[in-house]
Student: 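One structure, pasted below without further comment.
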Amino acid sequence: MTPDELFQDRIDRGIKIEPKDYMPEGYRKTLIRQISQHAHSEVVGQLPEGNWITRAPSLRRKAILLAKVQDEAGHGLYLYSAAETLGVSREQMIADLHSGKAKYSSIFNYPTLTWADIGAIGWLVDGAAIINQIALCRCSYGPYARAMVRICKEESFHQRQGYEILLTLCRGTKEQKAMAQDALNRWWWPSLMMFGPHDSESTHSEQSTKWKIKIVSNDALRQKFVDQTVPQGEYLGLTFPDPKLRWNAARGHYDFGEIDWDEFKNVIQGNGPCNRDRLRARIAAHEQGAWVREAALAYAKKHEKRAAA
Amino acid sequence: MNEWPLWEVFVRSQHGLAHQHAGSLHAPDAETALNNARDVYTRRNEGVSIWVVKSADITASSPSEKGPLFEPAASKPYRHPTFYEVPDEVKHL
Ligand SMILES: [Fe+2]
Ligand SMILES: [Fe+2]
Ligand SMILES: [Fe+2]
């Protein structure tokens, strides 16, 4: 067998690939793209929620939101570290994010207009991420799979705190419930877009499936999300902004309407409501933090000299 | 003193799992440490991969500071899913 055949055989037998193992260049490149994109999403994903930390309605909610945003920073770090095992540097990945070469999940290009949006993000956006990430726990690359296991454990509070926010609003005044409904109306479709294009349109799908980088197809994951989420929304007494959404007893699944793929492409291409703002905020944070990185290095060097002396 | 340095041995027991600390041994260099680790810690096929790290290169937290070091997590029960009220009727959360 050739090295590539041996490699595929390992994957077919369910043996994880580890950093020092042989891997085809395409496998390495695809993983670097996917893991760094995932890392960027965790980091940029802090921005829409960070927008509400100072305006959370109570100390309890503020502490929870801080803890959640802190978790997302940690998720970014686990994933950057996993990508680095493939030979790409942290600096390079961050440079690619800032130049616009690397993408992040387009969901974070939508604005958080009200407090209910924080509930909707936890419930829907983290909910969709969890479904995606549970599948990835079985992916063929060891460091990525292990990062996913850790992340999935931490995610479960994210979704529950979001649902709790909406439950509280829905049990509140008419205005509060309307706020929850408005958030669902705006976040529902972008959440469905998080699973990516239809399987028939997805460019890297086939090879990624063969390599077990993709475990479950986009459409199957999206269906799972809809099936789990619709009853949760009904319990809240909210309605989904999709006239075609209904239970199909024959299929044992919910049917739902078509995603606006023009909007999807438009946001990916950089024209969503907040694309420019998000990148600007990330670049500013990086540049304004430069002196901290330099000072920490200078401090470490000084102590090294002292210890040597 | 010409004592060989101490090495910490980490073994990946199965494909897919992270390396775990197995123990330590003395060896003159990294390669010998790796070979000795194989003979000491994986005689019964306990592993598929070994790491050795010089003990002196490990910075560890001090046991006496365990309290203050981990206190920040102790006061944050809201990092756990059980902190949140979700009605029994609501599934998959
Ligand atoms: Fe996350
Ligand atoms: Fe995530
Ligand atoms: Fe999250």
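Every chain is numbered from 1 and lettered A, B, ... according to where its sequence line falls, protein lines coming before strand lines. Quick note: numbers below take in every heavy atom, side chains included, and nothing from hydrogens, waters or symmetry partners.
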Student: Which answer fits Glu154(A), side chain, backbone, both or neither, if we ask what part of it has an atom under 4.5 Å from a heavy atom of chain B?
Tutor: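 Glu154(A) has no heavy atom closer than 4.5 Å to chain B.
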
Student: Would you say CD of Gln20(B) has more than 12 non-hydrogen atoms from neighbouring residues, nucleotides or ligands within 6.0 angstrom?
Tutor: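 Counting other residues, nucleotides and ligands, CD of Gln20(B) stays at 12 neighbours or fewer.
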
Student: Report which part of Glu85(B) has an atom under 4.5 Å of a heavy atom belonging to chain A: side chain, backbone, both, or neither.
Tutor: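 Answer is both: backbone and side chain atoms of Glu85(B) are under 4.5 Å from chain A.
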
Student: Given that the side chain runs from C-beta out, which part of Gln70(A) has a heavy atom under 4.5 Å from chain B: side chain, backbone, both or neither?
Tutor: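 It is the side chain, since no backbone atom gets that close.
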
Student: Examine whether an atom of Lys91(B) lies under 4.5 Å from a heavy atom of chain A, and if so say whether it belongs to the side chain, the backbone or both; otherwise answer neither.
Tutor: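 Looking at Lys91(B), just its backbone touches chain A.
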
Student: For the CG atom of Asp227(A) and the NE2 atom of His92(B), what is their distance to the nearest 0.5 Å?
Tutor: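 Those atoms lie 8.5 Å apart.
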
Student: For chain B, find which of Gln161(A), Arg160(A), Glu18(A) contributes the most heavy-atom pairs closer than 4.5 angstrom.
Tutor: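 When all of Gln161(A), Arg160(A), Glu18(A) are compared, Arg160(A) has the most.
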
Student: Is a donor on one side and an acceptor on the other found under 3.5 Å between the side chain of Glu164(A) and the backbone of Val86(B)?
Tutor: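 Pair absent, no side-chain N/O of Glu164(A) close to backbone of Val86(B).
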
Student: Under a 4.5 Å heavy-atom cut-off, does chain B meet the side chain of Ile64(A), its backbone, both or neither?
Tutor: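 Looking at Ile64(A), backbone and side chain both touch chain B.
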
Student: Does a sphere of radius 6.0 Å around CZ in Arg150(A) hold more than 12 heavy atoms from other residues, nucleotides or ligands, not counting ones at 6.0 Å or beyond?
Tutor: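 Check fails, neighbour count at 12 or below.
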
Student: Are the side chains of Tyr84(B) and Phe157(A) in contact, using a 4.5 Å heavy-atom criterion?
Tutor: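 A side-chain contact under 4.5 Å exists here.
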
Student: Counting only heavy atoms not in Glu71(B), do more than 12 fall under 6.0 Å of its CD?
Tutor: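 Result for CD/Glu71(B): enclosed.
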
Student: Please state whether the side chain, the backbone, both or neither of Arg10(A) comes within less than 4.5 Å of a heavy atom of chain B.
Tutor: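 When you check distances to chain B, only side chain atoms of Arg10(A) fall under 4.5 Å.
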
Student: Ignoring hydrogens, what is the shortest heavy-atom contact between Ala63(A) and Tyr78(B)? Give both atom names and the distance.
Tutor: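 Smallest heavy-atom distance, with atoms named: O-CE1, 3.4 Å.
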
Student: Kindly check if the number of other-residue, nucleotide or ligand heavy atoms within 6.0 Å of CG (Asp57(B)) is above 12?
Tutor: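 Yes, enclosed.
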
Student: With a 4.5 Å cut-off on heavy-atom pairs, point out which of Lys16(A), His158(A), Gln228(A) contacts chain B the most.
Tutor: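 When all of Lys16(A), His158(A), Gln228(A) are compared, Gln228(A) has the most.
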
Student: Identify which part of Arg146(A) has an atom lying under 4.5 Å from any heavy atom of chain B, answering side chain, backbone, both or neither.
Tutor: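 Arg146(A) touches chain B through side-chain heavy atoms alone.
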
